[in-house]
Amino acid sequence: MTLRLYDTLTKQKRTLEELPGFNRNNVRMYVCGPTVYDYAHIGNARPVIVFDVLYRLLRHLYGAEHVTYVRNITDIDDKINARAAEVAAAKGMTVEAARAEITAATAKQYDEDVAALGCLPPTHAPRATQYVPRMIAMIEALVASGHAYAADGHVLYDVSSKPDYGKLARRTLDEMIAGARVEVAPYKKNQMDFVLWKPSDALTPGWDSPWGRGRPGWHVECSAMGAALLGETFDIHGGGIDLMFPHHENEIAQSESAHRGHPLARVWMHNGFLQVEGEKMSKSLGNFVTIRDLLRGWRDQAWSGSVLRLAMLKTHYRQPINWSLRTLDESKRELSSWLAPIERFRICEEFDPNCSTTVPNKDVVSALSDDLGTPETITVLHSLHRAASRGDRQAARSLGRSLFFLGLLKPELVSAYKQGVSASGDVTDQELLENFALAEQLKTALLNNDEEFKTQLEQALEKRNLKAAYHQGAVILEPLQIGQVHKGDEIREAIEARNAARKAKDFKKSDRIRDELLAKGIVLKDNADGTTTWEVKR
RNA sequence: GGCCACGUGGCGGAGUGGUGACGCAACGGUCUGCAAAACCGUGUACCCCGGUUCAAUUCCGGGCGUGGCCUCCA
């Protein structure tokens, strides 16, 4: 299987294995991670999910031990500093302590959010603060080679020192200057020169350097971390399309200049933007949605991380995506329909919940190998589902494995199946997903010591005849003990009474029972095998 | 103002120079006492105007619309 990926730098699909220097025993990917000063929003979720799928594909193609994935955490940043100054003043602590507190808490939240979306942890998640000496060394090298200059406490990259500056954004220096709308700092030689190092005052976190106490510029953080963990040239560099300029352009300039012209990445990948209900997502428009919001409940519904993930993968990663309730709802429907045969054939029992990967269907691999064709992948899943629904156990197995591979079927969900949550016969896949979403929320509540939210969720579970058991940070849902009076028993009794009436051909009575349940929002289904199941009316 | 994407049926969303992916919804059918579910089946879609071509939704040019970048931003 050859992997082809669209390279933003050359504007064409490249076959990874044919690129000079590619080594299948050492495949390296760098993706720009979050700046940790606030909750991650669903726009942030897109690259994380997209590149997680790529990471999984690379592990499958080349072996997990041969793939290194770095996703950094930016914990040096002026937005963070601004917030740190506020917190420091309010709590009477140093700015450095405040900065550390804010970034640690936000990074933890980020990890939880991303895990809920079914993403594997990257091989390395370096923090900028751990690499300041590397950054200083890189800046010194740039000054020494004439690509950078110190001025007025700052160190700036000299864009005129690199003739091909602008090659990623496909803009010449003249075009950039023509379009620029920013005031030019007086110490800059060229208008487009960007900061590698800037001075910090007493109220701003800073590190000692040859140019005085200061802090690195944003772009150099990624260049230094990438080089430290992946070497001068690596295979794939990813991120959102909005980072293409200036961030990635500047990374290229710095890294290539510091590394004797060696290219930074063999392939540059950029995911498209996300809108909410057709509008740009912004706090001022009031349509700003964080990952956390969605997992806790959005538009009066709890959404499982798997549903969000599927909704994100329905659109090809380079296309713009419109985030809407309708798409989420459809994703939920599709995912639950896929789970039906998996449950019926007890496919999950074949999986090892501790195994992070499993062998997917070959058509899935083939679709993904053509520039991450997730829409085509979903088509494959549908056709497997169709075959499985017709009774093809092999197809059900392949579907299950593929969903597992794609991160759409999580080990925890497998555990839930194994725990028999769905085996009682009166829980549908639809509900199972909802239960699972509750379990995920519960996990979040636990991690945040949010007792109120936890109690609220436990009550919601109780209404569904479930209770939560906690084992080493994992949440496992278990059916309530038999003997307790709960809704499920009432429904079961009603179903039994109705089936008795049906047997006696007293359809008037049986229909009345069904109507009574319907009035309570319970829909009955008489299955082909003679059993009767119920679900909550949609 | 400069640069760049995108515009496909009721909805989501692929793809292609010439027999209408795929899903959701809708409609018809099969099955079951009836429903529901499940299964089977059903669609004269490619923003507008020119051009190239035997043939364009697909290529080229122009227009309109939406969005992004040029400033922190996934």
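Residue numbering restarts at 1 for every chain, and letters A, B, ... go by the order of the sequence lines.
Using a 4.0 Å cut-off between charged nitrogen and carboxylate oxygen, A/E330 and A/R326 do not count as a salt-bridge pair. Under 4.0 Å is where a charged nitrogen must lie from a carboxylate oxygen, and between A/K314 and A/E334 at least one such pair does. A salt bridge links A/K162 with A/D164; the closest basic N to acidic carboxylate O contact falls under 4.0 Å. Looking at A/D511 and A/R502, no side-chain N of the basic residue comes within less than 4.0 Å of a carboxylate O on the acidic one, giving no salt bridge.
Under the 3.5 Å distance criterion, the side-chain polar atoms of A/D77 are matched with a main-chain donor or acceptor of A/I80. A donor-acceptor pair under 3.5 Å is formed between the side chain of A/S161 and the backbone N or O of A/D158.
Contact annotation for A/R512: no contact, since no heavy-atom pair falls under 4.0 Å across all strands. Across all strands shown, A/I378 has no heavy atoms under 4.0 Å from either base or sugar-phosphate atoms.
Here the P atom of nucleotide B/A21 and the NE2 atom of A/H385 are 21 Å apart, to the nearest Å. The interatomic distance linking A/W323 (CH2) with B/A74 (P) rounds to 17 Å, in whole Å. Summarising the geometry, the separation between CG on A/N499 and P on B/A35 is reported as 17 Å, rounded to the nearest angstrom. Rounded to an integer number of Å, the gap from NE2 of A/H382 to C1' of B/C40 is 18 Å. Residue A/R514 contributes atom CZ, which lies 11 Å from atom C1' of B/U32 at whole-angstrom precision. Atoms CG (A/D329) and P (B/G12) sit 14 Å apart, rounded to a whole Å. Atom-to-atom, CD of A/Q275 to P of B/A74 comes out at 17 Å; the value is rounded to the nearest Å. Put simply, CD on A/E330 is 12 Å from P on B/A26, counting in whole angstrom units.
Put simply, A/F273 does not rest on the base of B/G67: the two rings are not both less than 5.5 Å apart at their centres and under 30° in tilt.
Comparing B/G23 with B/U42, their C1' atoms sit 16 Å apart, to the nearest whole Å. On the C1' atoms, B/C40 is 38 Å away from B/C6, given to the nearest whole Å.
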Between the protein and nucleotides 27-29 of chain B, list every N/O to N/O distance that falls short of 3.5 Å.
none

When you compare the protein's N or O atoms with those of nucleotides 3-9 of chain B, which come within less than 3.5 Å of each other, and at what distance?
from: B/A5; atom 1: OP1; to: A/K11; atom 2: NZ; distance (Å): 3.0

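Using the six-membered ring where Trp is involved, A/W268 and A/H237 have ring planes that are parallel, under 30° apart on the 30 and 60° scheme.
Closest approach to the A/F245 side chain among B/A14, B/C70, B/C34 is made by B/C70 (side chain taken as heavy atoms from C-beta onward). Checking B/C72, B/C40, B/A21 against every side-chain atom of A/K79, the shortest atom distance belongs to B/C72.
Contact between the side-chain N/O atoms of A/S389 and the OP1/OP2 oxygens of B/C39 is found at a separation under 4.0 Å.
Legend: residues meeting side-chain hydrogen bond (donor to acceptor under 3.5 Å, both in side chains) with A/R309, ordered by chain and number and at least two apart, are A/D52.
Under the Watson-Crick and G-U wobble criteria, each requiring two contacts below 3.5 Å, nucleotide B/C3 is paired to B/G68.
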